[in-house]
Number of protein chains: 2
Amino acid sequence: MNLKELAANLGLSQTTVSRALNGYPEVNEDTRKRVIAAASQHNYRPNTRAQSLATGRSMAIGHVIPISTNHEMMNPVFGDFIGGAGEIYARAGYDMMLSVVPDDAEDGAYRSMAQRNSVDGIVIHGPRRDDPRIALLKEVGLPFIVHGRAPVDDTDYSYVDVNNRRAFERATLHLADLGHTRMALLNGLESMDFAIRRREGFEAALKARGLPFLPQFHRSEEMTESYGYQAAREMLAQPDPPTAFLVSSLITAMGVRRAVEERGLQMGRDISIITHDDDLGYFKNGGEVPVFTATRSSVREAGRITAEMLLGLIDTPQNGPRQHIMEADLTLGLSTGPAPR
Amino acid sequence: MNLKELAANLGLSQTTVSRALNGYPEVNEDTRKRVIAAASQHNYRPNTRAQSLATGRSMAIGHVIPISTNHEMMNPVFGDFIGGAGEIYARAGYDMMLSVVPDDAEDGAYRSMAQRNSVDGIVIHGPRRDDPRIALLKEVGLPFIVHGRAPVDDTDYSYVDVNNRRAFERATLHLADLGHTRMALLNGLESMDFAIRRREGFEAALKARGLPFLPQFHRSEEMTESYGYQAAREMLAQPDPPTAFLVSSLITAMGVRRAVEERGLQMGRDISIITHDDDLGYFKNGGEVPVFTATRSSVREAGRITAEMLLGLIDTPQNGPRQHIMEADLTLGLSTGPAPR
DNA sequence: TCGATCCTCCAAAGCGCTTTGGACGCTTTC
DNA sequence: GAAAGCGTCCAAAGCGCTTTGGAGGATCGA
């Protein structure tokens, strides 16, 4: 059933039917009712392709997920983000286009989305140090929002980000307040912007308290469980082990806990852990009382905010780029306590 | 830059340019080269919308992710599946359309995708008991593949699934062989097909060994970490606790381990655990030696297979529905051992 | 040499929708 | 009673592409 048939069916012109369905004023309310009734009866829905060809708007948002060619991993964070964003898109009548692309071909993916007119806007995920994509998207001129930021903090692009620096600074200060002086940082890949900022926060806090940065207790890797386990295991085996861990992901923190307990140590007493917690649906940090003390920020909420912001940007681009920074909570759990002496 | 401009630029007709780019034979190789060169120089890519309006094919695959209204969770498994499928789509020039939909509105989402002509095929995720979607999609007549199966095992639809029944049957038999008689089953939601099959496998194995099914050691919930922790904690506190756990997800299994260790028990000696392992990128089951003994089947691979199958189905629908069942490996890890006496 | 055949190319129709530029009849205004 | 205005509707022109149905010239076989 297409517009033509529906119109013929009703004894009306396509113009009128189209207008009736799209809420234009120049159509009698009675006929509008008739049209809407007929449409829903015949289960008519306009062909998206034709519609967007005619209007020039595609009513779709593109997300490009870079799959690093060497790691080939799908960040679980991504699922929750998509969930949040998708909710907003659905409500606004937008579709979501996903492109899973090896990161050496990302360039083409963005260009292609723009040139082929398949999306009205784009969300950039996982910005890296010196990320070329921001410049690229400015060049192709498609509205976009970065989930995260580029290290260079210019203000002429839109982003939604967590205040990673402050979160990790606060967490580190908290550990210092508890008397910890030997702290380990199990960071994400420091080619990623968020990891850079977290490290900065960590170092700033150490400096503020006159504590040294201990390179042997610093790692930067893809945030898997086994990474946490391996790293913590090695560090704890050293003669002068750390008494506290700052960890970039709940998943990795679970690996750390495994290593801690394997060694017969007790978390929260012998070893303190603070982790970042993206508040994932499938990864709640315990129940009422959090297992881990954590810097928490819902990535699902970030998805919602990003989507809303992007739709706004598409509707009123003249308002210029917009930014939103989410502060992470520092929630106390059972994994922190005074430094043992 | 569109086709018309490009054609004018080259002094050719749109027809010829289109044919040259699409590899039709009736165009001189020299002009084809010229056209391709010009296209890449001007960074020309055909407008997808126009293209699909003209061809009737949208070159996109739809995935509808049901977000259960009560749980609101995004299964991490989904990310890996999408990663695998997306790889195949990209290679074949297909786009992926995601629809995140509350499960009470799913119906509309499918109908809409079909009616609006926005996709050429659909992947159904997480089939439930008496899932109405299969009938629905047959009705709307869009090629589709189910990731999983409907409990009614009719053969007139296409699916890719793991042999969940056999996997859990084998796992249970293995535990029985180790002397375990009191086994707990921490299953996924048994409104889901996969969970039903796993339970069947579990019960079949018990029956084969003349062991009783112990209702107090059986749970069925969304597969989070804290579910595993809570359930195991409660069960282990009972006077006659289980000596082994069969768990439906690695994530949940980590919760079980937490409860086990919290109680001062040792996994693999005091308590045995076998879990299903979807082989997620971010959730490797340990390193060289698996932490958990597990029934393993890569969901990323399932995504690839599903995508390939669907593209095949779209190209040659006359070949009828196709099915693919993946057998899960039973890989030994450190979490199983003889039953303590 | 002539018609048939092949190789290249093109004009124009059409995919299903939106939107421009009226048309038509009726009411209002002076 | 004519002009203007209003409310409703429509025919037709696109949007950017593919594809049908030739056209025109070169080549070939008889």
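Note on naming: letters A, B, ... go to the chains in the order of the sequence lines (proteins, then strands), and numbering restarts at 1 for each one.
- Mapping B/R32 and A/T16 onto DNA chain C by nearest heavy atom places B/R32 at the nucleotide closer to the 5' end.
- Bracketed by its first and final contacts, the part of DNA chain C lying under 4.0 Å from non-hydrogen atoms of chain A reaches from C/dG16 to C/dG21 in 5' to 3' order.
- The CG atom of A/L10 sits 14 Å away from the C1' atom of D/dC9 (whole-angstrom rounding).
- At the heavy-atom level, A/R49 lies nowhere under 4.0 Å from the strands shown.
- Residue pairs meeting the salt bridge (Lys or Arg N to Asp or Glu O under 4.0 Å) criterion with at least one member in residues 47-63 of chain B, sequence neighbours excluded: B/R57-B/D315.
- Residues passing the side-chain hydrogen bond (donor to acceptor under 3.5 Å, both in side chains) test with A/D131, sequence neighbours excluded: A/R133.
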For residues 2-9 of chain B, tabulate all N or O donor-acceptor pairs below 3.5 Å that involve a side-chain atom, not counting sequence neighbours.
| unit_1 | atom_1 | unit_2 | atom_2 | d |
| --- | --- | --- | --- | --- |
| B/N2 | OD1 | B/K4 | N | 3.4 |
| B/N2 | OD1 | B/E5 | N | 3.0 |

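- When heavy atoms are screened at a 4.0 angstrom cut-off, B/Q51 is found touching the sugar-phosphate backbone but no base atom.
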List, with names and distances, any nitrogen or oxygen atoms from the protein found under 3.5 Å away from nitrogen or oxygen atoms belonging to nucleotides 5-7 of chain D.
none

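- Screening residues 8-17 of chain A for salt bridge (Lys or Arg N to Asp or Glu O under 4.0 Å), with sequence neighbours left out, gives no hits.
- B/T15 meets the side-chain contact (heavy atoms from CB on, under 4.5 Å) test with B/S13, B/R19; sequence neighbours excluded.
- Nucleic acid contact class of B/N117 (heavy atoms, under 4.0 Å, all strands): none.
- Rounded to 10 degrees, the angle separating the terminal helix axes of the helix from C/dT1-D/dA30 to C/dC30-D/dG1, each built from five base pairs, is 50°.
- A donor-acceptor pair is defined here as one N or O able to donate and one able to accept, closer than 3.5 Å; such a pair exists between the side chain of B/D80 and the backbone of B/G281.
- Listed by chain and residue number, A/Y89, A/H125 satisfy the ring-ring contact (aromatic ring centres under 6.0 Å, His included) test with A/H63 (two or more places apart in sequence, or in another chain).
- Judged as a salt bridge (Lys or Arg N to Asp or Glu O under 4.0 Å), the pairs with a partner in residues 90-101 of chain A (not counting sequence neighbours) are, in order, A/E87-A/R91.
- Legend: residues meeting side-chain hydrogen bond (donor to acceptor under 3.5 Å, both in side chains) with B/D120, ordered by chain and number and at least two apart, are B/S58.
- For the pair B/L12 CG and D/dG24 C1', the interatomic distance rounds to 16 Å; values are reported in whole Å.
- At whole-Å resolution of the value, CZ in B/R19 and P in D/dG21 are 12 Å apart.
- Of the possible donor and acceptor atoms, one in the side chain of A/R32 sits under 3.5 Å from a partner among the backbone N and O of A/Y24.
- Within 4.0 Å of B/T15, counting heavy atoms only, lies at least one base atom of the nucleic acid.
- Looking at heavy-atom distances under 4.0 Å, A/S52 makes no contact with the nucleic acid at all.
- The list of salt bridge (Lys or Arg N to Asp or Glu O under 4.0 Å) pairs with a residue in residues 34-43 of chain B, not counting sequence neighbours, is empty.
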